Structure formats: structure tokens, C-alpha cells
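To keep things clear, I will list the structure first and then write my remarks on it.
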Amino acid sequence: MLSLTNKRILLGITGGIAAYKCAELTRLLIKAGAEVRVGMTRAATEFITPLTMQALSGQRVHLDLLDSDAEAAMGHIELARWADLVLIAPATADFIARITLGQADDILSTMVLATSAKIAIAPAMNQAMWADDSTMTNLNVLIDRGYNIFGPAEGEQACGDVGPGRMMEPAQLLELSASLFETGELAGKNFVITGGPTQEAIDPVRFISNHSSGKMAYALAAEAVAAGAKVTLISGPVNLPTPESVKRIDVITAAQMLVATHEAMKGCDVFIGVAAVADYRPVEVATQKIKKSEEQMQLTLVKNPDIISEIAQLEEKPFVVGFAAETNDIVSNGKDKLKRKGLDMLFANNATETFNSDSIVVTALTETSETELKPGNKNVVARNMLQLIAAALNER
Ligand code: C5P
């Protein structure tokens with residue numbers, strides 16, 4: 001049973017169809033031991049009545065900034081101070097945009113601005129609105145500010161579309177809210193993870209790349225967040241959803257990945273280079289599509305920067321973890337790489353089994369140790385990898 005004993009949750013409901021689920025959410029939060037007070041935007045009251053929310057929470061519902069009766073019971077600043085968690089569910093695209101700007105034009109946005117409690121938002125909107133650049137940009141700003149983003153889930157939407165944008169189910173929101181009060185073994189640690197392949201253009205339509213799926217990096221990012229870390233994921237082109245509360249920066253080339261990685265290094269405690277960075281790139285990128293006139297053609301390639309080695313050489317370097325996908329002599333090649341690149345830890349694995357696969361067999365190497373990890377799916381293995389990293393950080 002999840003515990004929210006004595007936790008004070010301000011549930012902020014904004015105007016989306018998923019607001020009807022807040023009745024169930026309130027019931028579950030109270031059953032888990034939380035004290036719940038409810039604030040609603042005017043639009044939210046079109047979807048669920050304040051009377052319903054008052055009956056379920058046992059408290060007067062806050063609707064207006066300038067409601068003298070409600071303010072007399074508990075003023076908005078007092079309410080913002082009272083909360084251990086401000087949970088905005090559902091959070092509409094408009095509400096997300098308003099809090100990104102720091103507006104305080106209704107009771108809920110004011111509360112978000114005034115509180116020093118944890119803030120979690122459960123987005124709910126049409127899938128195209130969710131995918132829009134504006135929403136994605138706003139979301140990254142909120143993640144940067146340390147907000148927790150719960151969802152959204154994927155599936156059928158009230159408007160008939162199918163895709164990401166559904167509010168998470170109340171039971172999931174309860175679970176994620178409870179997890180915010182657990183301190184994981186990586187609490188307070190900043191992680192930067194690179195993942196996926198890079199693509200190196202030959203001409204406007206062709207590129208050199210590899211089969212990396214990004215699954216390992218994405219599993220590590222999700223599990224690191226679950227263990228309490230703040231995670232920036234610098235991702236090459238992959239077809240994977242961004243794990244919850246992870247700040248994702250999309251890049252295409254090795255050169256872009258290098259720049260993004262350096263930019264993310266401030267305050268970084270652990271850097272994990274999982275990306276399968278293309279070793280070489282064409283010296284020149286043709287500005288027009290190359291015609292296939294000759295029987296043979298030659299491409300001149302130049303070596304790409306070794307991102308992880310550069311990070312390992314920084315004066316203020318984080319704990320640096322690399323991966324080695326090898327096809328033969330996995331452990332001895334891994335040990336060479338650990339030394340040559342100046343890494344603190346390296347996970348060596350079999351490239352032919354790993355790429356694009358859901359499971360992985362790995363050996364963890366440090367200067368003084370060699371540990372075979374239990375085989376399993378990438379999420380389980382990621383958890384074991386993070387345990388080893390956490391243990392190494394504790395020993396430092
Ligand atoms: O490709 P290689 O076997 O050298 O990769 C080993 C490690 O180095 C991996 O962690 C990979 O992410 C990192 N790497 C990198 N930049 C490169 C090549 C590899 O960060 N250009």
C-alpha cells in the first residue's frame with residue numbers, strides 16, 4: 001500500500017475533460033493518508049463541480065484569487081505554504097504555457113509561483129497540441145526548474161485522436177506522487193547521459209549511421225530518475241518516448257552531441273556515454289544529392305571527436321561511465337578502453353547481441369574490479385548498473 005501519510009497535497013484542476021478523474025484521484029490520495037485541498041480554474045468547473053470536489057476532499061474548494069470568503073478560510077499564500085506537493089492534474093497546454101511564463105492570473109498559477117513545495121504536473125491534451133514545439137519547449141523549461149512531469153499516457157483521446165496526451169490514470173498519479181517522497185539512492189545527483197546513434201550527412205539525403213536503438217540510454221535515464229537523480233538525456237535520432245521527468249536534448253551529429261554535452265556539464269555528478277557515436281564523418285557534405293554515375297565512388301572520412309574522452313579530461317570532471325560494445329575479447333578490450341579513455345567505470349557487452357535488442361549481458365569494469373551483471377532486460381540491467389554507480393559514488 002502506497003503511503004502519503006500526513007502529506008499535504010494541493011490538487012490543482014485545470015479545464016480539460018480528464019478533470020472528471022480527479023474525483024477518483026482525490027479519493028485515492030486521501031485513502032493513502034494524504035490531506036487534500038483542491039483549487040480549480042474556472043474552466044475546470046465546466047468539467048467537474050466544485051461541490052463534488054468539496055464533498056470528496058472535505059474542504060472548501062479554492063476557485064478565485066479574490067474570493068474573500070475562501071481567503072478568510074485559508075489565503076492563497078498560506079495555502080501555497082501549507083502544501084508539501086502541488087499536483088496539477090489535468091494540466092492543459094494553456095496552463096503549462098502560463099506557468100512557464102510565471103504568470104499569476106488565477107488561483108492555481110499564483111499557487112505554483114508562490115509555493116516552495118514540490119510541484120508535479122500531469123499534462124492532458126490533444127496529441128498534436130502535446131507534440132507541438134511550443135509545448136515541448138515549455139516542458140523542458142519546467143523540467144529545468146525541477147518540476148515533476150507525470151505522463152501523459154498514450155491511447156485513445158476524448159477528441160477521437162490516438163496518441164500521447166491522455167492524463168495518467170489516478171492510480172498511476174498516486175504512485176508517482178508517493179514516489180516523490182521517497183529518497184532514492186541517487187537523490188540530489190545530476191546525471192548527463194548520451195544515447196542513440198549519431199547521423200553524419202554525406203549529402204542532403206544520405207548519411208552514415210549505425211543500428212543503435214537508444215534503448216539502453218533511455219532505460220538508464222528512466223531508472224536514474226526513479227532512483228532520485230535529475231537527468232539530462234542527449235539523444236541522437238531514435239524512435240523512443242522521453243522517459244518521465246527527463247530533460248531530453250535532441251542532436252543529430254557527433255559534433256552537435258559534443259557541444260550539447262559540454263553545455264550540460266555544469267553541476268554534473270555522473271556522465272554516462274551510452275551513445276554509439278559515429279567514429280567518422282565525411283570530410284565534406286555535398287550540398288546537392290550525389291548522382292550515381294560511376295561504378296565506384298570514394299568517400300573521404302575524418303575522425304569524429306571522442307566525446308567521453310573529452311569529458312574524462314575535464315579539470316572538474318564528473319564520475320565518467322562508458323560502454324564498450326565489442327564483438328570479441330569483450331573483457332580485455334573493455335579494460336583497454338577504460339584505461340585509454342580515462343573512465344571511472346565501463347560496461348562491456350557483446351555488440352552482436354545488444355544492438356536493437358531488449359535484453360543485454362554486461363560486465364562492469366573499474367580499474368580494480370570486474371563484475372558480471374545478471375542478464376536481463378535493459379530496465380533491470382540499468383537498475384543494477386545504477387546500483388554499482390551509486391556504490392562507487394559513496395566510496396569516493
Ligand atoms: O566506440 P567506442 O567503443 O570507442 O565507444 C566506447 C565509449 O565511448 C562509449 O561509452 C561511447 O558512448 C563513447 N564514445 C564517445 N565518443 C565517440 C566514440 C565513443 O563518447 N566519438
Side-chain angles (χ1 to χ4, degrees), residues 131 133 136 192-219 233-242 248-264 271-313 322-330 332-343 346-362 378:
D133 279 352
M136 288 296 131
V192 175
I193 302 174
T194 62
T198 65
Q199 291 177 353
E200 311 296 335
I202 297 170
D203 68 15
V205 296
R206 305 181 179 96
F207 55 79
I208 298 173
S209 192
N210 57 64
H211 290 298
S212 169
S213 65
K215 285 178 184 166
M216 190 70 240
Y218 278 62
L233 176 60
I234 301 169
S235 177
V238 296
N239 196 10
L240 294 171
T242 311
R248 169 168 162 182
I249 299 170
D250 286 317
V251 295
I252 294 174
T253 65
Q256 291 169 352
M257 188 173 272
L258 179 71
V259 171
T261 304
H262 275 294
E263 281 174 3
F271 172 66
I272 315 183
V274 196
V277 183
D279 293 315
Y280 294 89
R281 66 176 184 277
V283 171
E284 270 177 66
V285 182
T287 50
Q288 307 221 313
K289 188 178 171 193
I290 300 169
K291 299 276 178 255
K292 53 168 182 297
S293 46
E294 308 294 328
E295 271 314 303
Q296 290 194 345
M297 78 169 282
Q298 286 193 330
L299 273 179
T300 310
L301 304 177
V302 60
K303 213 168 195 182
N304 265 330
D306 193 308
I307 300 168
I308 207 163
S309 300
E310 281 201 23
I311 299 303
Q313 279 165 28
F323 274 72
E326 305 287 345
T327 49
N328 57 294
D329 300 323
I330 291 160
S332 63
N333 283 336
K335 281 206 165 151
D336 279 353
K337 206 162 276 180
L338 179 83
K339 220 179 251 165
R340 188 160 26 91
K341 299 202 180 206
L343 311 180
L346 182 133
F347 295 111
N349 58 281
N350 191 323
T352 42
E353 289 168 7
T354 303
F355 270 44
N356 227 340
S357 130
D358 283 323
S359 66
I360 180 168
V361 184
V362 193
K378 286 183 178 174

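Worth saying up front: this structure is predicted, and the values here are computed from it rather than measured. All heavy atoms count here, side chains included; hydrogens, waters and symmetry mates do not.
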**OP:** Determine the minimum heavy-atom distance between Ile249 and Ala260, stating which atoms define it.
**Re:** CG2-CB, 4.3 Å
Subject >> All side chain to side chain contact (heavy atoms under 4.5 Å, CB included) counterparts of Ala286, not counting sequence neighbours >> reply: Asp203, Ile290
Original post:
Taking only residues two or more places apart in sequence, or in another chain, which ones meet Ser332 in a side-chain hydrogen bond (donor to acceptor under 3.5 Å, both in side chains)?
Top reply: none
Original post:
Mind checking what makes ring pair (Phe, Tyr, Trp, His ring centres under 6.0 Å) contact with Phe347, not counting sequence neighbours?
Top reply: Phe323
Going by atom type alone, with no hydrogens or angles, which donor-acceptor pairs under 3.5 Å involve a side-chain atom of residues 298-305 and a protein atom two or more places apart or on another chain?
from   : atom 1 : to     : atom 2 : distance (Å)
Asn304 : OD1    : Arg281 : NH1    : 2.7
Asn304 : ND2    : Glu200 : OE2    : 3.3
Asn304 : ND2    : Ala278 : O      : 2.7

Original post:
Taking atom CE of Met216 and atom CD1 of Ile193, what is their separation to the nearest 0.5 Å?
Top reply: 9.0 Å
Original post:
Taking only residues two or more places apart in sequence or in another chain, which ones pass side chain to side chain contact (heavy atoms under 4.5 Å, CB included) with Lys339?
Top reply: none
Subject >> Trace of the side-chain contact (heavy atoms from CB on, under 4.5 Å) decision for Thr242 with Leu233 >> reply: CA-CA 9 Å; Thr242 311; Leu233 176 60; 5.6 Å; no
Subject >> Distance-minimising heavy-atom pair for Ala217 and Thr194 >> reply: CB-O, 3.8 Å
**OP:** May I have all residue pairs that pass side-chain hydrogen bond (donor to acceptor under 3.5 Å, both in side chains) and include part of residues 253-262, sequence neighbours excluded?
**Re:** His262-Glu310
Subject >> Partner set under side chain to side chain contact (heavy atoms under 4.5 Å, CB included) for Ser209, not counting sequence neighbours >> reply: Pro197, Gln199, Phe207
Subject >> Donor-acceptor pair, side chain of Asn210 and main chain of Ala276, under 3.5 angstrom >> reply: yes
**OP:** Indicate the atoms forming the closest heavy-atom contact of Met257 with Ala275, along with that distance.
**Re:** SD-CB, 3.6 Å
**OP:** Check whether any side-chain heavy atom of Val251 lies under 4.5 Å from a side-chain heavy atom of Thr198, and answer yes or no.
**Re:** no
Original post:
So do Ser213 and Lys378 actually touch side chain to side chain, heavy atoms under 4.5 Å?
Top reply: yes
Original post:
Which atom pair, heavy atoms only, marks the closest approach of Pro282 to Ala201?
Top reply: CG-O, 3.2 Å
Original post:
Excluding sequence neighbours, so at least two apart, what forms side chain to side chain contact (heavy atoms under 4.5 Å, CB included) with Asp250?
Top reply: Ser235, Arg248
